[in-house]
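Below is one structure, written out as structure tokens; the observations come after it.
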Amino acid sequence: MSGSPTRGTARERGTVVTLVLLGTALPTVATLPLFHDVAWVLWLAALILLGVALAVVGKVLRRRG
């Protein structure tokens, strides 16, 4: 894929990477005994973060596509 152009700005790519990393780290944190009472909140936040990352990717694809 060396011939395909990079889509999105560096800021958009950084935002997506950060959102995905946070979205995948929160369920791991939710398994700790300290957070068992609020684990559902962390899972919900992770789902929202991943949804926002998907929306950013969709926006970039629509704009550049």
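Quick caveat: nothing in here was measured; it's all calculated off a predicted structure.
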List the residues meeting side-chain contact (heavy atoms from CB on, under 4.5 Å) with Leu50, not counting sequence neighbours, and say none if there are none. Val20
Tell me every residue that passes side-chain contact (heavy atoms from CB on, under 4.5 Å) with Thr18, counting only those two or more places apart in sequence or in another chain. Leu22
Leu34, Trp43: one ILVMFWY side-chain cluster at the under-4.5 Å cut-off? no
If hydrophobic clusters are built by linking Ile, Leu, Val, Met, Phe, Trp and Tyr wherever their side-chain heavy atoms come under 4.5 Å apart, do Leu61 and Leu54 end up in the same one? no
Val56 and Glu12: which non-hydrogen atoms are nearest, and at how many Å? CG1-O, 4.4 Å
Does the side chain of Thr28 reach to within under 4.5 Å of the side chain of Thr24, using non-hydrogen atoms? no
Co-membership, hydrophobic cluster, residues Leu47 and Val16, 4.5 Å side-chain: no
Leu42 meets the side-chain contact (heavy atoms from CB on, under 4.5 Å) criterion, sequence neighbours left out, with Leu26, Val29, Ala30, Phe35
By side-chain contact (heavy atoms from CB on, under 4.5 Å), Leu21 pairs with (sequence neighbours left out) Val17
